[in-house]
Chemist: 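Before I ask anything, here is the structure I am working with.
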Amino acid sequence: MIWIVDILLLTIVVICAIGAIYVKDLLSSAILLGAYSFLMCLLWTEMGAVDVAFTEAAVGAGISTAFFIGAIYQTTRRTKD
Amino acid sequence: MIRLIEDLHIQFVCRIMVPLIQFFALYVIAHGHYSPGGGFQGGCILGASFILMMIAYDIEYVKKRFPEKFNTFMVAFGVFLYAAIGALCLILGAEYLNYGILHKILPADPVKVRALGTLGIEIGVGITVSAVMLSIFLNLSTFGKHEKSEV
Amino acid sequence: MKVLALIIVILTGSLLIYSSLDMPDWGDPNSPASTHVSPRYIEKTIEETATPNAVTSVLADYRGYDTLGETVVIFTAAVVCILLLRRFEDDKTH
Amino acid sequence: MEIITSAKPLFAILVSLIATILIIITGEKARNLREAWTIIASIVKFTIVASMLPDILNGRVIEYTLLAITSELVLQFKVDAIGIFFAFTASFLWIITSLYSIGYMRGLNEHAQTRYFAYFAIAMSATMGVAFSANIFTAFLFYEIITVSTFPLVAHKETPEAIKGARKYLVYLLGTSVAFQLTAIIITYNVAGNLNFLTNGVFHDNISHNLITLTFLLYIAGITKAAIMPLHSWLPAAMVAPTPVSALLHAVAVVKTGVFMIVRVVLYIFGIDILKSLDLGTVLAYIASFTIIAASVIALRQDNLKLRLAYSTVSQLSYVVLGVALLSPSGVMGSIMHIVAHAFGKITLFFTAGAIYVATHKTNISQLDGIGRQMPFTMGAFTVGALSMIGIPPFAGFLSKWYLTFGALESDQLIVLAVLAVSTILNACYFMPIVYAAFFKEPKIDKHNLHETLDKRTLKEAPAIMVIALVLTAIGTILIFFFPSLFLQLAQIVVTNTTGGY
Amino acid sequence: MNLSEHSSILIVVVPLIASFLNVFIGLWRRSLCYPLFLLALVICGFLSIDLIQNIINNGTIRYKLGGWMPPWGIEYVVDHLNAYVILIVSFISLLVAIYSKRSLEKELEESKLPYFYSTYLLLVTGLLGITVTGDIFNLFVFLEIASLAGYALIAIGENRSVLASFNYIIMGTIGACFYLLGVGYIYIITGSLNMLDIAQLLPKLYESKVTLAAFAFLVVGVAIKIALFPLHRWLPDAYTYAPSAVSVLASATMTKVGIYVLIRISFTIFEPNFSKDIIPAGTILVWWSTIAIIFGSILALGQIDFKRTLSYILIAEVGYMVLGVNLGNKEGFIGAVLHILNDALMIACLFMVTGGIYYYLKSRNIEDFVGLNKKMPLSMASFSIVALSMIGIPPTAGFFSKWYLIIGAIKAEQWIAVIALLFSSLVNAIIFFRILEKIYFKKGNSTKDINVKEVPVSMLIPILILATSVILVGLFSGKIISSIIQFTVPGGF
Amino acid sequence: MEIIIGKYNYWIYIALMMIGFYAMIAKRNLVKKIVGMNIFQTAIILYFISTAYKKNATIPILIKSQEVIDVTQYVNPLPHVLMLTAIVVMVSTFGVALAVIVMLYKKYKTLEEDEIIEILREKK
């Protein structure tokens with residue numbers, strides 16, 4: 001029954017993606033993007049792509065989020081859409 | 001940024017964690033042949049450890065240990081190492097990046113030497129990636145003014 | 001603008017869905033992608049490169065040049081960030 | 001037909017290019033030297049052209065391939081009878097125009113004289129290029145060089161009006177040549193696979209007639225330099241140029257290049273047979289007839305002397321087109337003869353217009369009353385030119401009209417005959433009043449400017465060098481009538497080769 | 001070790017290593033950066049000449065990177081088309097390098113020069129890498145190197161350049177992602193990434209929907225990168241506000257390499273009959289590019305800023321090349337490939353002259369060009385030559401490519417395309433003669449041009465070289481076609 | 001039904017990609033565009049990883065002692081390698097885009113595209 005887990009994960013991924021786009025606070029958006037990346041990572045591990053998942057964990061969920069937050073501190077959290 | 005909060009707890013945890021993270025990063029780089037990982041992942045983790053240091057302490061703290069010029073040098077050096085290993089193969093008479101030819105100068109048979117060559121470039125990638133991550137983060141979060149710790 | 005964007009997105013999406021119908025099933029071990037080039041990487045990785053991790057051997061050896069390109073990409077990103085953001089003239093005044 | 005390979009045509013073209021460089025180097029510092037280059041170049045060029053005459057008269061053809069840019073686009077020169085006919089006329093008149101230009105430029109103390117002489121030389125070089133082209137591609141290349149190099153000459157005065165005129169000039173000439181002529185050439189290449197000028201045309205028999213008709217019309221619309229209506233209005237607009245430019249370029253080089261190209265296209269790209277079978281000659285003849293009459297009528301209404309001459313040019317150019325459109329031996333003969341007859345006649349007229357302007361700063365016909373007494377030589381030459389235009393013996397214009405009339409009879413085009421008759425009358429109508437006013441009318445008493453009115457009774461000619469030039473061309477007009485054998489021989493070779501007549 | 005055996009890889013590695021060294025040396029002594037930068041590009045130039053000679057004498061070169069047999073390893077395949085584009089790219093980038101020395105002085109702070117040179121070299125590396133490779137994924141990697149460098153070089157310009165650069169990032173990423181998706185689709189049905197290998201595997205899959213989608217994504221991805229008409233929105237701002245040297249390089253090389261990729265996709269990865277017979281892609285692209293030509297020309301007419309005018313002209317010129325490639329006959333193809341060279345020379349020269357005018361005049365407004373011929377005669381002479389070439393007047397280079405394009409269009413019976421080509425020639429004539437008239441005949445009365453004089457020698461030399469080569473290339477286009485271009489024509493034509 | 005279940009990974013990747021694509025072209029906020037870009041690229045990576053997957057296969061790290069290698073037991077390593085490169089490209093583009101955004105913010109003090117265009121228009 002692994003595909004049920006799979007579908008559950010995929011659903012959450014989609015929700016995270018939509019959330020990252022629709023929240024009105026860029027910091028939340030950054031965190032949601034991190035979560036999105038992390039869940040993606042799980043999916044890929046499950047598909048046997050450990051190297052890619054490892055990288056995505058380091059980059060997508062880690063470094064990217066750090067960059068994002070660094071940039072937001074230089075700019076603004078405010079957004080209209 | 002940088003120095004969001006001057007919290008002793010965080011600094012203490014950091015002091016313990018950073019060496020561990022860095023050690024793990026080196027392991028990941030070196031052990032890429034046998035387990036998931038490699039230069040890029042390891043480099044990322046190494047870079048993340050510096051970023052962690054920067055967040056926990058101060059930008060000056062990192063810059064003292066890791067001067068900007070040195071960092072920039074490392075950015076170019078890692079990838080230069082990579083390209084130079086490729087060029088070394090070329091000079092020894094094989095195609096570019098054909099590590100097999102390195103057995104002329106390294107004490108191993110052509111197949112083993114390929115693994116050594118792989119290790120060499122993984123190290124190069126690791127150096128570059130860690131330095132790049134630090135450099136980009138530094139520039140992004142301070143808007144290029146490395147001295148001021150403004151938020 | 002938003003309507004136009006939506007139309008473009010839907011068009012692209014329907015092209016993708018339409019083309020997915022002809023794709024090999026997900027996880028099919030006999031799809032061309034799994035049978036044409038990649039078997040050699042798995043079969044010969046130890047024999048030819050002494051690296052059990054096939055991903056590393058492909059990454060750094062079989063397709064090592066791609067990885068050089070990849071490293072250059074990230075090097076480019078660093079140089080670009082320095083070029084765009086770093087303000088050296090402030091160093092001098094301090 | 002014997003073919004000689006010789007670089008002479010190339011030299012004839014290069015001479016004035018070298019002169020251009022020398023002129024630019026010499027510049028304003030040494031005026032005499034600069035103008036000496038112009039004169040030397042024009043004489044050398046004429047000598048080279050003349051030296052090729054004997055061979056051509058003996059029925060030979062000179063060929064020279066400069067560069068094969070691609071296998072089908074070849075820069076190649078071929079000197080045949082019609083080419084040398086045109087080149088001979090143009091290079092001879094360049095000598096006289098050079099003299100005249102010097103007088104005109106110095107007389108008015110114009111600005112940017114170096115530029116003027118330099119571009120003039122380039123334009124002449126390109127005119128030779130068109131005359132000696134062996135294929136339509138080479139001809140097109142030089143055709144465009146003429147357009148571009150004469151643009152600064154037309155805009156010479158740099159006044160807003162001059163720039164406006166020059167812009168119109170450029171839009172018409174460049175626009176149509178790129179849009180229509182180039183298309184026509186490309187279609188020709190595509191259909192016939194050959195761009196060389198051949199005596200019986202390049203098209204095969206099995207090509208769709210509609211396509212040939214289309215190509216023909218594109219050519220006619222594309223060669224705007226021939227000033228066929230309705231694409232003629234650049235020519236009056238270009239009259240803002242200094243008079244020597246109008247004289248040489250808009251009576252000889254540019255417009256003659258246009259009609260020369262049309263003759264080339266009609267005789268050597270399409271060939272008489274195809275045009276006859278498709279009845280396209282008649283179409284062209286009607287267009288030309290319309291232009292002749294309409295332009296003459298417009299000329300009647302012009303008060304500005306140069307404008308009247310310009311419309312007269314439009315009308316006269318169509319004689320050449322008409323002649324060749326008749327597709328009969330005499331028609332072609334008349335058409336070719338008219339190139340030289342009109343060149344000498346019209347250049348004289350323009351020269352006189354310039355001389356009047358330099359001497360009295362008058363541009364309008366209504367101001368010319370009684371000017372004949374003041375400038376007898378100039379107005380005498382004007383009369384000669386005008387009579388030649390009308391076609392009265394013993395002037396060159398008579399010869400060509402004679403042949404044209406024969407041509408019309410040969411091809412049973414009575415309408416054309418009528419057109420010739422009417423246009424002769426119209427010519428007389430717009431030229432004779434000027435002559436009459438100049439010699440027989442009393443100068444109008446201008447109360448505001450009494451001094452000048454009195455001036456008119458005394459002799460006050462333009463600078464001598466200009467008068468010499470215009471008298472020379474006037475004499476030339478007469479000489480051609482009495483000793484036409486050289487031109488007739490050349491024209492005959494062309495006619496024999498292309499139509500089989502004579 | 002025989003160097004010329006390795007010239008196909010060296011041409012990429014030399015600028016790459018030079019870009020690292022530039023960063024090193026920049027930390028230590030800044031004055032050495034420029035000589036190193038120039039040296040690398042000179043070597044590149046020599047290598048490209050060596051390469052093309054090698055190709056002409058010995059035919060296609062295949063170079064196995066890392067010693068692995070394709071399709072397992074990455075392969076470099078250099079045939080006449082690559083070598084030709086490589087020659088153009090390295091030649092132009094060398095000239096721009098010479099040009100950039102003085103023009104940058106006023107547009108960039110000195111401390112950033114090492115990074116600028118480094119980025120510049122990376123851009124060249126990327127473009128050369130795209131051109132030389134025979135592997136579709138490797139192409140993507142180098143495409144990204146070139147794009148990233150391009151984004152940055154544009155962003156350091158003045159005024160709105162940063163926003164332009166951002167738009168470029170967005171559009172460029174969409175383009176690159178579409179390309180990557182196309183690669184993925186090709187990979188899933190063939191299992192290979194090597195172009196020649198794919199070319200053998202694909203024909204039996206032509207009926208598959210995946211093939212169709214792969215082709216569509218590859219072509220649209222590249223179309224964004226080369227700014228084919230409705231996807232061109234990023235280009236005018238980007239090229240207008242970038243530093244002069246960057247505009248020259250980007251306009252003259254990036255779109256050309258994009259066209260090269262398009263040719264590779266349509267005729268090497270896919271067989272010519274795929275876009276001709278199986279799906280009507282050729283016809284669609286012909287119509288698409290016809291629209292691009294017409295709209296590019298019309299939009300160019302309405303601009304005041306001359307760099308912007310040139311950008312729109314460039315969009316029309318891209319239309320020319322896409323048109324020629326897709327006409328489906330030999331003449332059209334030859335015209336397009338010849339136009340790659342001609343357009344690179346012409347656009348580079350025009351952008352250089354504009355930069356030169358901006359150098360002293362501080363304006364690119366066409367209205368301010370009044371009377372410039374007295375101040376900078378040599379630049380303006382070059383400008384005039386190139387203007388004639390843009391209009392398509394023989395014997396300049398522009399005529400010959402247009403000649404072949406029109407013949408190709410007539411043979412393909414695309415009359416609208418013929419009209420579009422002529423129309424754009426006429427529009428060019430209007431644009432350029434309007435400017436020439438200002439330069440040569442209008443009396444200068446503006447106070448701005450007091451300090452204007454001829455551009456510095458190091459900027460003038462590239463301009464003159466380009467203007468001369470416009471004429472020389474025109475006169476020898478037959479030779480170029482017979483020795484190089486005719487071998488690039490794909491089989492089915 | 002079989003189509004839907006047999007390829008559900010593909011459907012999800014298409015959905016994600018379209019979400020990202022929409023954000024890239026329709027969102028006014030520049031950072032949101034970048035977020036969209038990230039989602040878009042990650043979706044492509046998901047697609048590639050999906051192509052590499054084989055049912056009942058394990059990660060492509062071989063055990064040395066094994067004598068006979070059965071290819072179907074290991075997932076396809078090639079797309080993984082490609083995607084490693086793609087991730088690096090992604091993060092590089094991300095970094096550069098953020099750098100440009102920071103520059104834009106310092107210049108215009110806003111991150112909304114329409115506000116920036118408004119400012120530019122006023123300048124004229």
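Convention: sequence-line order gives letters A, B, ...; per-chain numbering from 1.
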Chemist: Which pair of heavy atoms, one from B:Leu97 and one from C:Gly64, lies closest together, and at what distance?
Modeler: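 Residues B:Leu97 and C:Gly64, closest heavy atoms: CD1-C, 3.8 Å.
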Chemist: Quick one: which of C:Val72, C:Thr51, C:Val80, C:Leu84 has the most heavy-atom pairs under 4.5 Å with chain B, could you say?
Modeler: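 Ranked by contacts with chain B, first place is C:Thr51.
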Chemist: So, for C:Glu47 and B:Val111, which heavy atoms are closest and what is the spacing to 0.1 Å?
Modeler: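 Heavy atoms only, the tightest pair is O-CG1, 3.4 Å.
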Chemist: Check each atom of B:Leu140 against the heavy atoms of chain C and say whether the ones under 4.5 Å are side chain, backbone, both or neither.
Modeler: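 Both backbone and side chain.
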Chemist: Mind listing the closest non-hydrogen atom pair of C:Arg86 and B:Glu68 along with its distance?
Modeler: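 Minimum heavy-atom contact is NE-OE2, 2.7 Å.
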Chemist: Pick from C:Leu59, C:Ile74, C:Thr67, C:Thr71: which one makes a side chain to side chain contact (heavy atoms under 4.5 Å, CB included) with B:Phe40?
Modeler: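 Among C:Leu59, C:Ile74, C:Thr67, C:Thr71, the one that satisfies the side chain to side chain contact (heavy atoms under 4.5 Å, CB included) with B:Phe40 is C:Ile74.
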Chemist: I'd like to know if the side chain of C:Asn53 and the backbone of B:Ser35 have a donor-acceptor N/O pair within less than 3.5 Å.
Modeler: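 Such a contact is found between C:Asn53 side chain and B:Ser35 backbone.
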Chemist: Looking only at heavy atoms, which two atoms of B:Glu122 and C:Ala60 are closest? And how far apart?
Modeler: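 Nearest heavy atoms, B:Glu122 then C:Ala60: OE2-CB, 4.4 Å.
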Chemist: What part of C:Glu70 lies closer than 4.5 angstrom to a heavy atom of chain B: side chain, backbone, both or neither?
Modeler: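 Side chain only.
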Chemist: Measuring heavy-atom distances to chain B, does C:Thr45 have an atom under 4.5 Å in its side chain, in its backbone, in both, or in neither?
Modeler: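 Nothing of C:Thr45, per the 4.5 Å heavy-atom cut-off to chain B.
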Chemist: Quick one: pull up CZ in C:Phe75 and CZ in B:Phe80 and give me the separation to the nearest 0.5 Å.
Modeler: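 It is 11.0 Å, given to the nearest 0.5 Å.
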Chemist: Is any side-chain heavy atom of C:Leu68 closer than 4.5 Å to a side-chain heavy atom of B:Tyr96?
Modeler: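 When only atoms from C-beta onward are counted, B:Tyr96 and C:Leu68 do touch, with a gap below 4.5 Å.
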Chemist: Which atom names give the shortest non-hydrogen contact between C:Ala50 and B:Ala115, and what distance separates them?
Modeler: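 In terms of heavy atoms, the two residues are closest at O-CB, 4.0 Å.
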Chemist: Any chance you could measure B:Tyr82, atom OH, to C:Tyr65, atom OH, to the nearest 0.5 Å?
Modeler: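 With rounding to 0.5 Å, OH (B:Tyr82) is 10.0 Å from OH (C:Tyr65).
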Chemist: Is it the backbone or the side chain of B:Ala76 that comes under 4.5 Å from a heavy atom of chain C, or both, or neither?
Modeler: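 Both parts, backbone and side chain.
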Chemist: Given heavy-atom pairs under 4.5 angstrom as the criterion, report whether the side chain, backbone, both or neither of C:Ile82 touches chain B.
Modeler: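 Both parts, heavy atoms under 4.5 Å.
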Chemist: How long is the gap from CD1 on B:Ile121 to CG on C:Asp61, to the nearest 0.5 Å?
Modeler: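 Between atom CD1 of B:Ile121 and atom CG of C:Asp61 there are 8.0 Å.
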Chemist: What distance separates C:Cys81 SG from B:Ile136 CD1, expressed to the nearest 0.5 Å?
Modeler: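 Separation between the atoms: 4.5 Å.
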Chemist: Does C:Thr56 reach the main-chain N or O of B:Gly32 with its side chain, forming a donor-acceptor pair under 3.5 Å?
Modeler: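 Side chain of C:Thr56 to backbone of B:Gly32: a pair is present.
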